[in-house]
Structures are given as C-alpha cells and as structure tokens.
Amino acid sequence: MPQDATASQRYWLPSLTDKGALARLAAIGAVVVAIAVCFAYVAGWLSPGRLSQARFIDRFEKLNGVHPGFRRNHAKGVCVTGSFESNGQGVRLSKAVVFAPGRVPVTGRFSLAGGHPHVADGPTAVLAMALRFQPPAGQEWRMAMIDIPVFLVKDGEGLYEQLLASQPDPKTGQPDPAKMAAFTAAHPEFLPAMQIVKSTPLPSGFSNATFNGLNAFRFVNASGAATAVRWSMVASEPFTPETPEQGKNPDKNYLFDDVIARVARGPLQWHLLVTIGQPGDPTSDPTLPWPRDRERVDVGTLTIDHVETEAPGNCRDINFDPLVLPAGIEPSDDPILSARSATYSQSFTRREGETKTPSAVQVPVGKGS
Ligand code: HEM
C-alpha cells in the first residue's frame, strides 16, 4: 500500500467520498434509527397519552403504593402444586396435549385481587386461582381465574379508569360519587356487570370456590375445527356461601389459613368445565355472560395436594400470563387478553428485579400436604 494512502484505504474501509458506501452507511443508520423508534414506541415515550403497560402499572403503584418484590395486582398469595387428570373429553374440541387422557403436573397460586400484599382477608375479597400445566414434552398452558361470574369492564382502558374512580376518598372511606358517576357514564358496561356480580353469592373460602376464566378463547381440534369457549374450575367440595360472621374473624389470613389446613387434611379437587359458545355469543367482551343453557363439557380434574409459602423458584417467580397457550388453544378477539399479557409482563419485570420481603401468608412447617 502506498505511503500516502488515506486512512480508509489503509484499514480497508470504504472511502466516504464513495457514493455507494455513503448510501450503505445511510441505510444502516436508518435501520438503527427505526429500531430505536420501535423501542421508544413500545415503551410509550412517543405517545405519553397512550395506555402503555408501564403507565398501567404506574397507576397500580400510585394507588396501592410500591411493595417491592410483590405482584402489582393479586399481591397476597400462596403457592400450590398438584396435577391435572384429563378424561379425554376435551380432545374433540382441542388438540392441546393437556387434553389427551392422562395426568400432567400443575403449579399454581391462590391469591386475593388487589395490590396490597398484607391486606387482611375479608368478605368482599375477590378470590383467585392461577395455574401452569406442564406436560412433560412441552406445550404448557397458563391461566389466571377469579371467583366472580363476569369481569366489570370490557377493555384495558376501562380497568385503568375504574382503578382511579373506585379509589376510596380518605375523608369518607368511599369512592367519590362524582368520579364514579363520570366513570360509569363513560363505561356503560360496568353497572350491568356489577349487578350480575352482586347477585351471585360469594364462596366461604378457596376450597369451595368456582374460578372463572372469563375471557373467551378458541379451541382448535386435530381436524382444524375451531370452537369459541370459556372455562371454569368448579370445586368438588359443595358450595357454601360466605357469611357476615367470617368477616369478624380476628385472623387476618383466615381464608388462606383455611385452605392451608384443608390441604394438610387431604387433596382438594376442581373440575375443569369448558363452556361451548354458539354463533353470536360475545367473545370480545367478558362483562357479558353467555346464555345459561350452553353445553358445558367436563374435561378433567385438578387435584391440589401441596401448599407452600411463596419462595425463590416456586409460584412466586412465575408470570401466569393468560397468553401462554399450547397448540390447540388460541386467543379470542377479546382486547383484554393482550392488555393482561402486557401488564403482567411489566409487573413481573419490576417485581423480579426487586429485593423480596416475606409473604403475609406463611405455611407452617409440616402443614404443606
Ligand atoms: C385489563 C385487565 C387486567 C389487568 C390490567 C390485570 C392486571 C394484572 C396484574 C398486573 C397482575 C400481576 C401479574 C404478575 O405480577 O405476575 C395480575 C394478576 C392476576 N390477574 Fe389480572 N388483570 C386484568 C384482568 C384480569 C382478568 C379478566 C382476570 C380473570 C379472569 C384476572 C386474574 C388475575 C389473577 C388470578 C392474577 C394473579 C396471578 C398470579 O397468581 O400470579 N386478571 N393482573
């Protein structure tokens, strides 16, 4: 190479006077800028008015406070394990591996709705069950269900507004009536849904509760036929309604302590009932119940035989994202599903990076099963 070669010639770099090289560099720069813009869009920086997952979780934190290491919703909970025994009845509806006759291991979590990890159990608490089915060859299925019959809003924006409007006024201990009136006017699905919830008796505990998936999904069978479905886990234990006396229990963990004691005495069971939707049944709005006469197929039995305190590596560190689905189960057109998936991920990312403190619910040594 000649002594007077330019730097670009010496290091085999394209010369910046070369038009082709300049065009290539500009193209690379454009790709880098486009990627940066995509990240900024997803993070919500380009549209501060858009309801991003970060803004959603900020609102949970603003209203409930930040409790490091805990879920931003359903913060109080306990871990369980067991199995799901499929009876084969689900195979005609879905090719999902979990529906082949046989047993798959399950990890789960019982929780109360709300962002306070040390809240006292009470008569109005919404009880919840989250599950992760893990067939040995993969194709796992996650779900998170609650014990009310319908959801109260039909989209993520509705819940975002409901959280703020229903916040108790410190002076009265009740939501501000003016804020609630503005909210219900903007979200007309709320009051009819609340009416359904209020007319449905609540269970006396986790062990006799029915947990409802609420959002619709699509089951696809081996021939490719798709069916709109909703599902529920219905307790084998007979339903007993909650009584006002329960609320006077001085044990602030009475609901959790009850289920821990029951599992210590013997396994608890639930039946997975799949409700088959008919053409015209709403799939994009979980505030609307389907007609009562819809066919329900019992596809198998969930057995919970072990309970343990939230700890590293158990249910504490699982994101029960309802869009973790096996082949044979697909999301419906319900917009809440993607809102849930995005916000659970944001909550999970924040809590997993934080220092942990012990859960309010402690399973006594030797009481796990
Ligand atoms: C837009 C609507 C919803 C939003 C924004 C939302 C938000 C959240 C968040 C942030 C968490 C904590 C996630 C984590 O840190 O792992 C959570 C947990 C949970 N949610 Fe939702 N949720 C919504 C709708 C629903 C619905 C419709 C159901 C029931 C069908 C439900 C049931 C649950 C349950 C059971 C848990 C606890 C899961 C666990 O134990 O990890 N959520 N939700």
Side-chain angles (χ1 to χ4, degrees), residues 51-64 66-81 106-117 125-132 142-164 187 189-190 193 197 206 209-217 229-233 256 283-289 307 310 314-324 331-332 334-354 356 359 361:
L51 182 49
S52 64
Q53 56 269 47
R55 276 186 71 211
F56 217 131
I57 295 300
D58 288 346
R59 176 153 291 181
F60 277 110
E61 292 183 350
K62 187 160 177 259
L63 299 177
N64 301 313
V66 179
H67 305 281
F70 290 100
R71 286 160 168 80
R72 275 25 181 190
N73 193 10
H74 293 261
K76 184 178 186 183
V78 73
C79 296
V80 294
T81 54
V106 170
T107 305
R109 182 170 177 268
F110 288 124
S111 65
L112 299 187
H116 291 278
V126 172
L127 310 188
M129 171 192 265
L131 298 172
R132 177 195 202 185
R142 300 188 194 181
M143 61 174 74
M145 304 163 287
I146 49 182
D147 72 340
I148 55 175
V150 288
F151 205 51
L152 296 172
V153 286
K154 65 178 171 54
D155 51 27
E157 287 74 11
L159 181 63
Y160 184 72
E161 298 303 337
Q162 183 199 337
L163 289 173
L164 192 61
H187 299 277
E189 75 274 20
F190 180 80
V197 170
F206 287 101
T210 287
F211 297 100
N212 301 302
L214 301 183
N215 302 115
F217 287 80
V229 297
R230 285 175 173 171
W231 60 71
S232 300
M233 280 287 181
F256 287 98
T283 53
S284 63
D285 184 347
T287 69
L288 300 174
V307 55
E310 289 180 307
N314 67 12
C315 83
R316 191 196 73 176
D317 298 324
I318 297 174
N319 171 3
F320 291 94
D321 176 345
L323 288 186
V324 175
S332 66
D334 185 340
I336 285 187
L337 285 170
S338 49
R340 289 179 71 182
S341 186
T343 53
Y344 290 24
S345 160
Q346 180 71 202
S347 171
F348 180 80
T349 305
R350 291 189 193 184
R351 66 186 169 86
E352 282 302 290
E354 295 166 343
K356 309 287 188 290
S359 165
V361 184

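When a residue number appears, it is its place in the shown sequence, counting from 1. Atoms within each ligand, like the ligands themselves, are counted from 1 in listed order.
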Heavy-atom side-chain proximity of [X] to [Y] below 4.5 angstrom:
{"X": "Met233", "Y": "Leu131", "result": "yes"}
{"X": "Phe348", "Y": "Phe320", "result": "no"}
{"X": "Asn212", "Y": "Thr210", "result": "yes"}
{"X": "Glu352", "Y": "Asp317", "result": "yes"}

Can you give the donor-acceptor pairs under 3.5 Å from side chains of residues 72-80 to other protein atoms, not counting sequence neighbours?
unit_1 : atom_1 : unit_2 : atom_2 : d
Arg72  : NE     : Glu61  : OE2    : 2.9
Arg72  : NH1    : Phe70  : O      : 2.9
Arg72  : NH1    : Glu354 : OE1    : 3.0
Arg72  : NH2    : Glu61  : OE2    : 3.1
Arg72  : NH2    : Glu354 : OE1    : 3.4
Arg72  : NH2    : Glu354 : OE2    : 2.5
Asn73  : OD1    : Gly114 : N      : 2.9
His74  : ND1    : Ser111 : OG     : 3.0
Lys76  : NZ     : Val119 : O      : 2.7
Lys76  : NZ     : Asp121 : OD1    : 2.7
Lys76  : NZ     : Lys252 : O      : 3.2
Lys76  : NZ     : Asn253 : OD1    : 2.7

Self-check item: Test side chain to side chain contact (heavy atoms under 4.5 Å, CB included) applied to Ser338 - qualifying residues, sequence neighbours left out
Solution: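 So Ser338 forms no side chain to side chain contact (heavy atoms under 4.5 Å, CB included) with any residue.
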Show me which atoms of ligand 1 lie under 4.0 Å from any heavy atom of [X].
{"X": "Ile57", "result": "10 (C)"}
{"X": "Met145", "result": "35 (C)"}
{"X": "Gly156", "result": "1 (C)"}
{"X": "Asn212", "result": "30 (C)"}
{"X": "Arg109", "result": "39 (C), 40 (O), 41 (O)"}
{"X": "Ala128", "result": "35 (C)"}
{"X": "Ala130", "result": "38 (C), 39 (C), 40 (O)"}
{"X": "Phe56", "result": "5 (C)"}

Side chains of [X] and [Y] only: does a donor on one sit below 3.5 Å from an acceptor on the other?
{"X": "Ser284", "Y": "Asp334", "answer": "no"}
{"X": "Tyr160", "Y": "Arg55", "answer": "yes"}
{"X": "Asn215", "Y": "Arg340", "answer": "yes"}

Which protein non-hydrogen atom lies closest to [atom], naming both residue and atom, and how far is it?
{"atom": "atom 41 (O) of ligand 1", "value": "Arg71 NE, 2.6 Å"}
{"atom": "atom 4 (C) of ligand 1", "value": "Leu159 CD2, 3.5 Å"}
{"atom": "atom 15 (O) of ligand 1", "value": "Ser347 OG, 2.5 Å"}

Self-check item: Ring centers of Phe56, Phe60 separated by less than 6.0 Å
Solution: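 Centroid separation for Phe56 and Phe60: below 6.0 Å.
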Self-check item: Residue and atom names of protein N/O/S atoms that fall under 2.8 Å from atom 21 (Fe) of ligand 1
Solution: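 Protein N/O/S atoms under 2.8 Å of atom 21 (Fe) of ligand 1: Tyr344 OH.
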Quiz item: Counting heavy atoms only, which part of Asn215 comes closer than 4.0 Å to ligand 1: side chain, backbone, both or neither?
Solution: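 Within the 4.0 Å criterion, Asn215 contacts ligand 1 through side-chain atoms alone.
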Practice problem: Fit a plane to each ring of Phe217 and Trp231, take the angle between them on a 0 to 90° scale, and name the class: parallel (under 30°), tilted (30 to 60°) or perpendicular (over 60°). | Solution: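 Phe217 and Trp231: parallel rings.
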Quiz prompt | Salt bridge Lys356-Glu310, side-chain N to carboxylate O under 4.0 Å | solution =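 No.
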Self-check item: With sequence neighbours excluded, residues passing side chain to side chain donor-acceptor pair (under 3.5 Å) with Arg132
Solution: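 With sequence neighbours excluded, Arg132 shows a side chain to side chain donor-acceptor pair (under 3.5 Å) to Glu140, given in chain and number order.
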Quiz prompt | Polar proximity ligand 1 side, Arg351 side, N/O cut 3.5 Å exclusive | solution =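 Yes; at least one N/O pair falls below 3.5 Å.
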Exercise. Could you tell me if any non-hydrogen atom of Gly213 lies under 4.0 Å from any atom of ligand 1?
Key: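 Yes, that is the case, since the closest heavy atom of the residue is under 4.0 Å from the ligand.
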